[in-house]
Number of protein chains: 2
Amino acid sequence: MTDSGFPSTTRELRSTVTEDGTLTVDVRSADVAEPGPDEVVVEIHAAPINPSDLGLLIGSADVSKATAGGDDANPSFSAPIEQGLDALAARFGQPMPIGNEGGGVVVAAGSSDAAQALLGKTVGFVSGDAYAEYRTVHVMGCIAMPDGTDPVDAAAPFVNPLTALGMVETMRMEGHTALVHTVGASNLGLMLQRICIADGIELVNIVRRPEHVEMLKANGATHVVDSSAATFVDDLTEALRATGATIVFDAIGGGDLVGTILGRIEKVAVDGAAYNRYGSDKLKQAYIYGGLDRSPTILDRTFGLTWSVAGWLLTPFLAKIGPDAQRLRQRVADEITTTFASSYGMRLTLDEAVDPANVVRYAKMATGDKALITPNA
Amino acid sequence: MTDSGFPSTTRELRSTVTEDGTLTVDVRSADVAEPGPDEVVVEIHAAPINPSDLGLLIGSADVSKATAGGDDANPSFSAPIEQGLDALAARFGQPMPIGNEGGGVVVAAGSSDAAQALLGKTVGFVSGDAYAEYRTVHVMGCIAMPDGTDPVDAAAPFVNPLTALGMVETMRMEGHTALVHTVGASNLGLMLQRICIADGIELVNIVRRPEHVEMLKANGATHVVDSSAATFVDDLTEALRATGATIVFDAIGGGDLVGTILGRIEKVAVDGAAYNRYGSDKLKQAYIYGGLDRSPTILDRTFGLTWSVAGWLLTPFLAKIGPDAQRLRQRVADEITTTFASSYGMRLTLDEAVDPANVVRYAKMATGDKALITPNA
């Protein structure tokens, strides 16, 4: 390895659930591992709190009851877990590292050519423990950014960009020609819209507030439907008719939205067709990739028998496409400040990330209010 | 063709929905078509009312309000449709033939070798218009039964037998090794149990009454779980653990049963495993192939992100397996009075099938009370 000097310890966040139903997230110290041949040490400038991080970070704890703890050197918060504790049994008592991804600068590298090539570079990385000042990560988990990239811009290279690209790839692989996305105004939604414009794909964006319609249209969207509008179902039907979309990606999960969309796809498919007691033979596919609403999914099954609703996860998708994933990663690097740009509503140091007032705010996952942890700020 | 003498007209059932929201099912007369080269004329002895027939036969009509109509020669009943009328717009005013399948004797045959080979034979057939005394059907829609088969025993050769075989084939094709069936005490459930015993496959039967547990066990079932029992969830979990079942076939559709089963499959999969925020990576698959409960499907999503719930239909399944379907058809013929035997709770002539008292009874689809229409009785 090349030792350009990195600290032997780092401050980091850990999340612990105990059997008595208490969640504690604390700032503590940990060793920074010497990089192996194919590893690098990243000085972490920024790491987002994605919805996919919150499950591990706060689980089903009631953060409205969070209380501060620890001391100035090692602050923490604790909150009670009043439901869903059983599902967490496998993590009882284990202080779990958190943070799927981040961006920073490579300050030390292992002996391999691949690791050495990253020395001094700005990288985005995926690691599962990104909420720390320094981490030792495998080169395969890094995407080298073009020279001059601000490490903060590299902080969200995996979860949202590859998920958005994965949706378009899935759409093509499964024979659909246009898609529906239920959280159009999210960072991921904006990325997906930019991909669809670049690739000439029709996208139906569903948003939850009138002001988001204008925001998306200002970003070039053609089809934006507001689920809070009285005309929602008709608007949706017209957008589905105009685009021919038959596949849905949904991050909300709870409630009747997915079922409503499938019902309207079916409505468009059967209009003018001969009656078939089993509904249209057009496959109506929905993938639930998030759970912003943790309540049950309600499917009224007014869409015949040719349908599928399934979970969608990035990691198995990437495993399925194999070497093709490299093409997607390269696109992320090439377009990190354009197609794949993210914006944030708050920046928090590690200490600020365990302040109960901030926890309550980022746990809401409000559109436009995403948190960015800046461990070296 | 060989004309061994068949009537030029037949009595038949037709189902009509009008735009004002009235369903009428009547007995009327129709022509019997001369068979083409690859067609045969079947004298129909029996045709079951499967759940899959009821959708077309009575749709969403409120049969508790059915009233008799017509006259002795052409009796009928009518009932109001108070919800779901929109979904039936494509059939307004069209008197639709009904009856997916039946059994009978071939009394005339077209000129082809395939048609001639069936002359005088007992056949089971699929046609979509089986509630009639005589029908002209394509040889591909017929399964010739072993000599000496009672045509009544041949009445249900397609829907249940091929669906039950299709479940086992789907299980194998998709890499599962054991399965769950949610209506274990149904005719189809009993067939599936017999197939699984013959093929050495572990099956978890869910039934809705204590007496059905004993009935299935008397039929050789090992795993029978009563969803009305206080211990249902624990019993189900143990059966899933014992069998390793990860695929579910459900005919109920409405309510939280499918979600509960997926949750328990997940529970078995994660027991003793390291914590994974996205749940187990074991695919949990449910297929909904019927809708005995028309209320919404409620999925609480306590089963990670590696899951799929989809509609399942026989016809596209058969199309997918292509020539393999012949192997399944031959098995049905070979085992029509054993593995694929059906039983019925009532036998009805065409006239009796439009008697409102009978309609109310068969519309309930109660286990053990299936109706068999016997047009030539």
Side-chain angles (χ1 to χ4, degrees), chain A residues 17 52-57 59 84 86-92 94 96 98 128 253-254 256 258-259 263 266-267 270-279 281 283-285 287-291 294-316, chain B residues 17 52-57 59 84 86-92 94 96 98 128 253-254 256 258-259 263 266-267 270-279 281 283-285 287-291 294-316:
Chain A
V17 171
S52 54
D53 293 306
L54 278 177
L56 198 56
L57 183 60
D86 278 2
L88 302 173
R91 58 172 288 195
F92 285 164
Q94 300 173 50
M96 306 201 72
I98 331 145
D256 61 8
V258 162
E266 175 72 1
K267 167 79 175 151
V270 301
D271 269 2
Y275 180 71
N276 181 333
R277 76 192 83 176
Y278 301 121
D281 59 4
L283 175 61
K284 293 154 286 288
Q285 175 73 54
Y287 285 111
I288 296 179
Y289 72 94
R294 296 185 190 182
S295 74
T297 309
I298 312 285
L299 304 172
D300 66 7
R301 303 194 320 286
T302 56
F303 34 78
L305 274 169
T306 308
W307 60 274
S308 171
V309 176
W312 193 94
L313 254 182
L314 179 58
T315 307
Chain B
V17 171
S52 55
D53 293 306
L54 277 176
L56 198 57
L57 183 61
D86 278 1
L88 302 174
R91 58 172 288 195
F92 284 164
Q94 300 173 49
M96 308 200 70
I98 331 147
D256 60 8
V258 162
E266 175 72 1
K267 167 80 174 150
V270 301
D271 269 1
Y275 180 71
N276 180 333
R277 77 192 81 176
Y278 302 120
D281 60 3
L283 175 61
K284 292 154 286 288
Q285 174 73 55
Y287 285 111
I288 296 178
Y289 72 94
R294 295 185 190 182
S295 73
T297 308
I298 313 285
L299 303 173
D300 65 7
R301 304 193 318 287
T302 56
F303 35 77
L305 274 168
T306 309
W307 59 274
S308 171
V309 177
W312 194 93
L313 254 182
L314 179 59
T315 307

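In what follows, chains are A, B, ... by sequence order, proteins preceding strands, each numbered from 1. Just so it is clear, the model here is predicted, and its values are computed rather than measured.
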- The interface call for B/R301 against chain A, heavy-atom contacts under 4.5 Å, is side chain
- Does B/P296 reach the side chain of A/L299, with side-chain heavy atoms less than 4.5 Å apart? no
- Query: Under 4.5 Å between any side-chain heavy atoms of A/I288 and B/W307, yes or no?
  - Reply: yes
- Query: A/D271, A/V309, A/L56: which one forms the most heavy-atom pairs within less than 4.5 Å of chain B?
  - Reply: A/V309
- Query: Which region of A/A273, side chain (C-beta onward) or backbone (N, CA, C, O), has a non-hydrogen atom less than 4.5 Å from a non-hydrogen atom of chain B, or is it both or neither?
  - Reply: backbone
- Message: For the interface with chain A, which of B/G253, B/G290, B/G254 has the highest count of heavy-atom pairs at distances below 4.5 Å?
- Response: B/G253
- Note on the structure: One should read off an interatomic distance between A/L314 CG and B/L305 CG, to the nearest 0.5 angstrom, of 11.5 Å
- chain A interface, residue from B/M96, B/R294, B/K284, B/R91 that has the most non-hydrogen pairs under 4.5 Å: B/R91
- Give, as side chain, backbone, both or neither, the part of B/L283 having an atom under 4.5 angstrom from any heavy atom of chain A. neither
- Does some side-chain heavy atom of A/T297 sit less than 4.5 Å from a side-chain heavy atom of B/I298? no
- Sort B/Y289 into side chain, backbone, both or neither according to what part of it lies under 4.5 angstrom from a heavy atom of chain A. backbone
- Residue from B/G311, B/S308, B/P316, B/A274 scoring the most non-hydrogen pairs under 4.5 Å with chain A is B/G311
- Which bit of A/S295 is near chain B, if near means a heavy-atom gap under 4.5 Å: side chain, backbone, both or neither? backbone
- Message: Is B/T302 close to chain A through its backbone or its side chain, or both, or neither, when contacts mean heavy atoms under 4.5 Å?
- Response: neither
